[in-house]
> 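Sharing a structure here in structure tokens format.
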Amino acid sequence: MDNPVGFIGLGAIGEPMAEHVAKVHGAVVWNRTVAKAETFANRTGATAVQTAREVVERTKDVITCLPTSAQVLEVVQSVGDAWTDQHLLVDATSGDPAGSREVAAYLHRYGAGFVDAPVSGGTDGAKAGQLTVMLGGDEGWAARAMKVIDPYAGKMQHVGPVGAAHALKAVNNALLAVNIQAVGEGLAALVKLGVKADVALDVINASSGRSNVTENLFPKRVVTRAWPRTFRLALLDKDVDVAMKVLKETGVPSGAIRTAKEAFTAARQALGEEADHVEFVKEIEKAAGVEIR
Ligand code: NDP
């Protein structure tokens, strides 16, 4: 393919996203653990390279999908003067608005464009090529970014200037965290009262308290005791932290989100960096002395 897209960061969600990109545009990929990129290339026909700089030298449109904006800045700086005014960086990381502005300012020196384009929909949405993508940045760059990411997107929405999409993604994930905590506490109490968890969820899912957490996460991961690892608790804790910063910067008081932040940070310390975000519920179960089933 004539204009392959660069992809940096083949993690839990990055890899299935990159696979869709490789199918449609062709891809040049780099991953910190290089063996992962090589395995990916063998499977998909993409080209694996040894450095992020090589990705930028061989492509014009580059996607990053890394844990936080700090790693994005580190990688972008490692590329140095290989960036040109022909380049666009589309950052699919759930980053932070201040970090995105710093990355954008660095790229601007070389004339390269930047769009923050975090995703929602989880690893299942990524595998299906049906992620929701919010985009922050100049309209022209955002229009170009949409063509690049279309292979893995179900919905794309330009939401404002650089950093706006990262702010929106952080608020979305803070809502997810608040919801996991509230549903976990509520269901633990109901189970202790003798109501079966699947019965309670069935009723809630036909009532006003329903959400993705009650419709999908609890029935498929908690009640079944399956606890799959698809999205690290550490990453959700990071997202709630970004949301707290967004609230602080805008002078908005935080009650619910602050409570979730404290609880998720404590769970991260107890369960470690590899635990899944839904495993947070195990901490509620431990404190309540009950299993939600
Ligand atoms: P993972 O932890 O699975 O993967 C992280 C990726 O970043 C790996 O490729 C890792 O390389 C690479 N990496 C880590 N540190 C560095 C570094 N210092 N320099 C270069 N590369 C580095 O994360 P996910 O794929 O789950 O998440 C990526 C982003 O997407 C996060 O911001 C997350 O919040 C967001 N997200 C994740 C979702 C999910 O369901 N998983 C859903 C929506 C958003 P290596 O292989 O060497 O470790």
Side-chain angles (χ1 to χ4, degrees), residues 6-21 27 29-41 46 48-56 62-79 89-97 99-100 103 116-134 149 152-155 165-177 180 212-213 216-217 220-221 228-243 264 268 272-279:
F7 205 106
I8 295 175
L10 301 172
I13 198 150
E15 182 171 357
M17 288 161 63
E19 190 160 349
H20 287 289
V21 169
V29 298
W30 177 71
N31 193 68
R32 181 181 60 176
T33 307
V34 176
K36 246 194 228 176
E38 285 163 354
T39 307
F40 177 84
V49 293
Q50 301 295 314
T51 63
R53 187 179 168 103
E54 281 176 77
V55 171
V56 175
V62 179
I63 300 170
T64 38
C65 190
L66 300 171
T68 74
S69 292
Q71 286 87 41
V72 178
L73 184 63
E74 195 183 297
V75 167
V76 163
Q77 288 175 337
S78 78
V79 168
L89 177 66
V90 182
D91 183 22
T93 304
S94 300
D96 67 88
S100 340
V103 174
D116 43 316
V119 304
S120 185
T123 51
D124 284 349
K127 283 177 195 148
Q130 288 297 323
L131 292 170
T132 295
V133 188
M134 44 222 104
I149 64 176
Y152 60 72
K155 178 181 172 69
H166 278 156
L168 175 46
K169 171 66 186 174
V171 168
N172 178 77
N173 277 24
L175 300 181
L176 169 66
I180 290 173
N212 179 53
V213 171
N216 288 308
L217 296 184
K220 292 179 186 162
R221 297 172 176 227
R229 290 189 161 175
T230 62
F231 174 42
R232 293 188 294 120
L233 169 56
L235 292 174
L236 183 54
D237 178 48
K238 167 265 301 178
D239 293 333
V240 185
D241 194 52
V242 175
F264 273 78
R268 178 179 178 173
E273 292 296 297
E274 296 308 318
D276 185 74
H277 66 306
V278 179
E279 289 182 77

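Note that the structure is predicted; figures quoted are calculated from it, not measured. Both counts, for ligands and for their atoms, begin at 1 and track the order of listing.
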> Might you point out which heavy atoms bring S94 and K238 nearest each other, and give the distance in Å?
O-NZ, 2.9 Å

> Donor-acceptor pairs under 3.5 Å, side chain of residues 70-77 to any protein atom, not counting sequence neighbours: which ones?
residue: Q71; atom: OE1; partner: T68; partner atom: N; Å: 2.8
residue: Q71; atom: OE1; partner: T68; partner atom: OG1; Å: 2.9

> Show the short N or O contacts, below 3.5 Å, that ligand 1 makes with protein N or O atoms; if there are none, say 'none'.
residue: ligand 1; atom: 2 (O); partner: R232; partner atom: NE; Å: 3.1
residue: ligand 1; atom: 2 (O); partner: R232; partner atom: NH2; Å: 3.1
residue: ligand 1; atom: 3 (O); partner: A12; partner atom: N; Å: 2.9
residue: ligand 1; atom: 9 (O); partner: L10; partner atom: N; Å: 3.2
residue: ligand 1; atom: 9 (O); partner: G11; partner atom: N; Å: 3.4
residue: ligand 1; atom: 9 (O); partner: N31; partner atom: OD1; Å: 2.7
residue: ligand 1; atom: 15 (N); partner: R32; partner atom: NH1; Å: 3.3
residue: ligand 1; atom: 18 (N); partner: E74; partner atom: OE2; Å: 3.4
residue: ligand 1; atom: 25 (O); partner: A12; partner atom: N; Å: 3.0
residue: ligand 1; atom: 25 (O); partner: I13; partner atom: N; Å: 3.0
residue: ligand 1; atom: 32 (O); partner: L66; partner atom: O; Å: 3.0
residue: ligand 1; atom: 32 (O); partner: P67; partner atom: O; Å: 2.9
residue: ligand 1; atom: 32 (O); partner: S94; partner atom: N; Å: 3.0
residue: ligand 1; atom: 32 (O); partner: K238; partner atom: NZ; Å: 3.2
residue: ligand 1; atom: 34 (O); partner: K238; partner atom: NZ; Å: 2.9
residue: ligand 1; atom: 41 (N); partner: T230; partner atom: O; Å: 2.8
residue: ligand 1; atom: 46 (O); partner: N31; partner atom: ND2; Å: 2.9
residue: ligand 1; atom: 46 (O); partner: K36; partner atom: NZ; Å: 2.7
residue: ligand 1; atom: 47 (O); partner: R32; partner atom: NE; Å: 3.1
residue: ligand 1; atom: 47 (O); partner: T33; partner atom: N; Å: 2.9
residue: ligand 1; atom: 47 (O); partner: T33; partner atom: OG1; Å: 2.5
residue: ligand 1; atom: 48 (O); partner: R32; partner atom: NH2; Å: 2.9

> What residues, two or more places apart in sequence or in another chain, satisfy side-chain hydrogen bond (donor to acceptor under 3.5 Å, both in side chains) together with T51?
E54

> Check this for me: does any side-chain nitrogen of one of R229 and E279 sit under 4.0 Å from a carboxylate oxygen of the other?
yes

> Between D276 and R221, is there a salt bridge with N-O shorter than 4.0 Å?
yes

> Report the residues that fulfil salt bridge (Lys or Arg N to Asp or Glu O under 4.0 Å) with R232, sequence neighbours left out, ordered by chain and then residue number.
none

